[in-house]
K.L.:
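The structure is given below, and queries will be raised subsequently.
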Amino acid sequence: MVTRRDWVRLSALGGVGGAVVGCGSSGGNLLPPPGPEHDSILRGTREELDDASLEVVAGQVPGDMLGFVFVVGGVPYGDGTPLFTGDAMVLRLRFEGGDARAKTRLLRTDDFLLDQAATGELAYRNLGMVRLSTHLGARDFVNTALVPSPSGRLLATYDAGRPWEIDPETLDAITPVGLVDTWRPMFTGLGPGFDLLPIHMSSAHPVWDPVEDRAYLVNWAPPIEGLSSEPFLRVLTWAGDDEPVATEIVDGEGNLARITQSLHQLQVTERYLLLNDGAFAIEPEQMTGRDVTRAQRPSTVIWVVPKAQLTGGQATAVRVEIPGESAHFLVERSDADDRLTIALMHQHSADPSEWVRAGDVRYHDGAPVPASKVGMMVSPADLTPHGRYVVDARTGAVLESRLLDDERLQGVTLWSRDERNAAQPLAESLWVTLGFDPDLMTTRITDAYRDHPHRIVPLDEMPTVTTPGRMMRLDHAGLSVLDDLELPFGWLPMSPTFVPRRNGGASSGGLGDGYLVTIVLGPDGDEVWILDAGDLARGPIARLRHPRLDVGFSLHTCWLPDLAPPGEYRVDRQVDYGAKLDALREDARALVRTVLGVS
């Protein structure tokens, strides 16, 4: 167990360029040397790769790797705009017989095409976490996660827009899911452009039930102080071949259930859908140009909805509240006796909806944050503990509660696990951490979270030097860090994916029968690393590169064993947009007709 004193000491070593490897391992001899700090997370290429062979710069690609890894992220604008705002780029990695190949494509959705063509008064502009055109509506970036169906169909998703189905082979954007009018907008009365392409609050992590072969999507709006917008919460079920069916969610007293922060992730059990009102609240005032920072609620609220009620009309949800905020969570599919087993990666004093602005100052010394870091996410102002909970689905009571407090849980962000066995217990998963950068812990954030009721590390004991990123394997049953690898300074891990061995059995919760594939941003170029998922501390088995691989800020991933064709479902653009064109001003109407072929 790393003590807090050890953590601060190791942080200092990392800050001067040392590479410290967790769990007493030497880390293997394929780790690159430490390098200088860099800002490559703020950059990314729009140049596309077409099935390019990756060069092995160290080690060897295992010959028994199976299938395809898909990664999505937004190409940063590089102008101080937050990293979540950027055109979606999908990367597909193909592994076969010891060879690795990469293909990338920008997702050319309808709003992407209009953004590329719009100029002058029609042009889009960034306002905080959104990008808008007064006369054409909002961007739906679909740059945050990839959700596969049991048959291999693939959705690209975003927290503020309709999901889009993409073709796993070509990586082309095929169709949005649901007509514009099937989704309720966050705001009404903003003008004809926002009737054409509204802001639809949804979830970056809808779930495609692996047993039912049915997708669960959400559509919601929060209560907003000072605005007359109407809050609502709806679940859309989609069989993949027809228009989604919407069900309104109410609480046990028949009142509308409310999401007050965000609905970043959903999960399913055998009989329930779980909706996490989590720590990713976007301040709507930013769309008017106001610079607003407010603390997230210091708890996680999960709405538990019986799936059998999601047939249209209304469904009644039970509200669960757990101390400590979170945005990501895992569940066991089994819900015998209405007991739900939930794992939360908490985000104490962490706010992924906040980014460094020009003029921000560092907490520890009051110095200005370097201009090169404007646009980056702020660093958490505390550790990010991991919790395991058992909840009564009928009453919302928390029956069991355990918390893992480990100093290696610093800035934990993205995860993966073996998803092939839906019935597996909640056992092991893989996580990456971006480490800690004191430049990114700003006074704006520490002021908001100074009085956090669940603080683990006092603000004055937070590190004052950079700590490197880390890869970890967590045990959700025993609540421990089983295995970890601290990266050399200057190397940043992103977007982990579990890849099974060919002919290996589906996991019962452990991860010893596969590999971890992750994007790593380096001081002189981006790499793809392959590690033994059951022995991370050994370090990478292989490191791969391509001279034109420049990923930047990448996010969630998925794995598929084969490439399947997209479904037959299509949204007809004429039906979707045609009736809305007459209300547009003449030049906007002409642009939509030309770009989207709508009459």
Side-chain angles (χ1 to χ4, degrees), residues 30-32 35 38-49 52-59 61 65 67-76 83-84 86-95 100-107 143-146 156 171 376-377 411-417 429-435 468-472 485-488 490-499 514-533 536 539-560:
L30 298 187
L31 283 173
H38 55 88
D39 61 355
S40 66
I41 195 171
L42 290 170
R43 303 188 308 273
T45 183
R46 299 175 68 87
E47 182 181 2
E48 297 170 326
L49 297 176
S53 179
L54 296 179
E55 175 192 1
V56 178
V57 296
V61 177
M65 293 186 73
F68 302 82
V69 169
F70 293 82
V71 181
V72 70
V75 180
L83 293 177
F84 287 102
D87 291 325
M89 178 74 84
V90 175
L91 163 67
R92 188 190 69 211
L93 301 172
R94 178 197 300 259
F95 299 101
R101 307 187 71 83
K103 181 184 181 74
T104 62
R105 283 292 182 274
L106 287 165
L107 293 185
N143 65 11
T144 309
L146 297 163
L171 302 184
M376 289 188 182
M377 290 184 297
V412 177
T413 53
L414 304 172
W415 87 97
S416 183
R417 64 173 180 165
S429 63
L430 301 162
W431 294 79
V432 298
T433 166
L434 304 183
R470 188 183 298 269
M471 305 175 189
M472 296 181 292
L485 175 72
E486 187 174 272
L487 273 63
W491 295 82
L492 194 65
M494 309 286 293
S495 304
T497 312
F498 175 80
V499 176
Y515 301 96
L516 169 64
V517 174
T518 188
I519 306 298
V520 180
L521 310 183
D524 61 349
D526 299 342
E527 297 187 350
V528 176
W529 287 16
I530 302 171
L531 298 91
D532 184 334
L536 301 180
I541 297 169
R543 293 171 36 221
L544 314 172
R545 282 198 176 202
H546 189 280
R548 300 202 311 276
L549 182 68
D550 186 6
V551 177
F553 183 59
S554 66
L555 284 162
H556 295 284
T557 71
C558 72
W559 169 87
L560 290 174

K.L.:
Please report the C-alpha distance between Thr144 and Val72 in whole Å, then the side-chain angles of each, then the deciding distance to 0.1 Å, and finally whether the side chain to side chain contact (heavy atoms under 4.5 Å, CB included) criterion is met.
P.N.:
CA-CA 6 Å; Thr144 309; Val72 70; 5.8 Å; no
K.L.:
Tell me, do Phe553 and Met376 make a side-chain contact under 4.5 Å, heavy atoms counted?
P.N.:
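When only atoms from C-beta onward are counted, Met376 and Phe553 do not touch, as no gap falls below 4.5 Å.
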K.L.:
When you measure from the side chain of Ser416 to the backbone N and O of Phe498, does any donor-acceptor pair fall under 3.5 Å?
P.N.:
yes
K.L.:
Is Thr518 reaching over with its side chain to a backbone N or O of Met494, donor-acceptor style, under 3.5 angstrom?
P.N.:
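Answer holds: yes.
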K.L.:
Within a strict 4.5 Å, meaning less than it, do heavy atoms of the Val69 and Val528 side chains meet?
P.N.:
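Side-chain contact under 4.5 Å: no.
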K.L.:
Quick one: salt bridge (charged side-chain N to carboxylate O under 4.0 Å, His left out) pairs with a partner in residues 547-560, sequence neighbours left out?
P.N.:
Glu47-Arg548
K.L.:
Which atom names give the shortest non-hydrogen contact between Phe70 and Val90, and what distance separates them?
P.N.:
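Nearest pair, atom of Phe70 first, then Val90: CD2-CG1, 4.4 Å.
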K.L.:
Taking Ser495 for its side chain and Leu555 for its backbone only, find out whether a donor-acceptor pair lies under 3.5 Å.
P.N.:
yes
K.L.:
Contact between Val520 and Met471 at the side-chain level, heavy atoms closer than 4.5 Å - yes or no?
P.N.:
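Yes; the side chains approach each other to less than 4.5 Å.
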K.L.:
Step by step, work out the side chain to side chain contact (heavy atoms under 4.5 Å, CB included) result for Leu93 and Leu544.
P.N.:
CA-CA 11 Å; Leu93 301 172; Leu544 314 172; over 6 Å; no
K.L.:
Nearest 0.5 Å please: distance from the CG atom of Leu171 over to the CG atom of Leu107.
P.N.:
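Spacing of CG (Leu171) from CG (Leu107) equals 7.5 Å.
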K.L.:
Working to the nearest 0.5 Å, report the span between CG of Leu536 and CZ of Arg470.
P.N.:
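These two atoms lie 11.0 Å from each other.
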K.L.:
Determine the minimum heavy-atom distance between Ser53 and His546, stating which atoms define it.
P.N.:
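Reported closest heavy-atom pair: O-CD2, 3.4 Å.
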K.L.:
Between Asp532 (side chain) and Ile541 (backbone), is there a donor-acceptor pair under 3.5 Å?
P.N.:
no
K.L.:
Is any side-chain heavy atom of Met89 less than 4.5 Å from a side-chain heavy atom of Asp87?
P.N.:
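Side-chain contact under 4.5 Å: no.
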K.L.:
If I compare all heavy atoms of Leu31 with all of Pro540, which pair ends up nearest, and what's the gap?
P.N.:
CD2-CD, 3.6 Å
K.L.:
Using a 4.5 Å cut-off on heavy atoms from C-beta on, say whether the side chain of Thr557 contacts that of Ile519.
P.N.:
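No, side chains not in contact.
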K.L.:
For the CG atom of Leu146 and the CG atom of Leu91, what is their distance to the nearest 0.5 Å?
P.N.:
10.0 Å
K.L.:
Can you check whether Leu49's main-chain N or O pairs, donor with acceptor, with Thr104's side chain at less than 3.5 Å?
P.N.:
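Side chain of Thr104 to backbone of Leu49, a donor-acceptor pair under 3.5 Å: yes, one is there.
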K.L.:
Can you name the closest pair of heavy atoms from Val61 and Ala542 and give their distance?
P.N.:
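Taking every non-hydrogen atom into account, N-CB, 4.0 Å.
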K.L.:
Which atom pair, heavy atoms only, marks the closest approach of Pro523 to His38?
P.N.:
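So the two residues come closest at CA-CD2, 3.4 Å.
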K.L.:
Nearest 0.5 angstrom please: Thr497 OG1 to Ile530 CD1, how far?
P.N.:
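Here the interatomic distance stands at 11.0 Å.
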K.L.:
For the residue pair Ser40 and Leu521, what are the closest heavy atoms and their distance?
P.N.:
OG-CB, 3.6 Å
K.L.:
Between atom CD of Glu527 and atom CG of Leu549, what is the distance when rounded to the nearest 0.5 Å?
P.N.:
9.5 Å
K.L.:
Hey, are Asp524 and Arg545 close enough for a salt bridge, meaning a charged N less than 4.0 Å from a carboxylate O?
P.N.:
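Looking at Arg545 together with Asp524, the answer is yes, because their closest N to O distance falls below 4.0 Å.
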K.L.:
To the closest 0.5 Å, what do you measure between CE (Met472) and OG (Ser429)?
P.N.:
9.0 Å
K.L.:
If the plane angle is over 60° it's perpendicular, under 30° parallel, otherwise tilted; pick one for Trp491 and Trp529.
P.N.:
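It falls in the tilted class, 30° to 60°.
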K.L.:
Within the structure provided, determine whether Leu492 and Leu487 are in side-chain contact (heavy-atom separation under 4.5 Å).
P.N.:
no
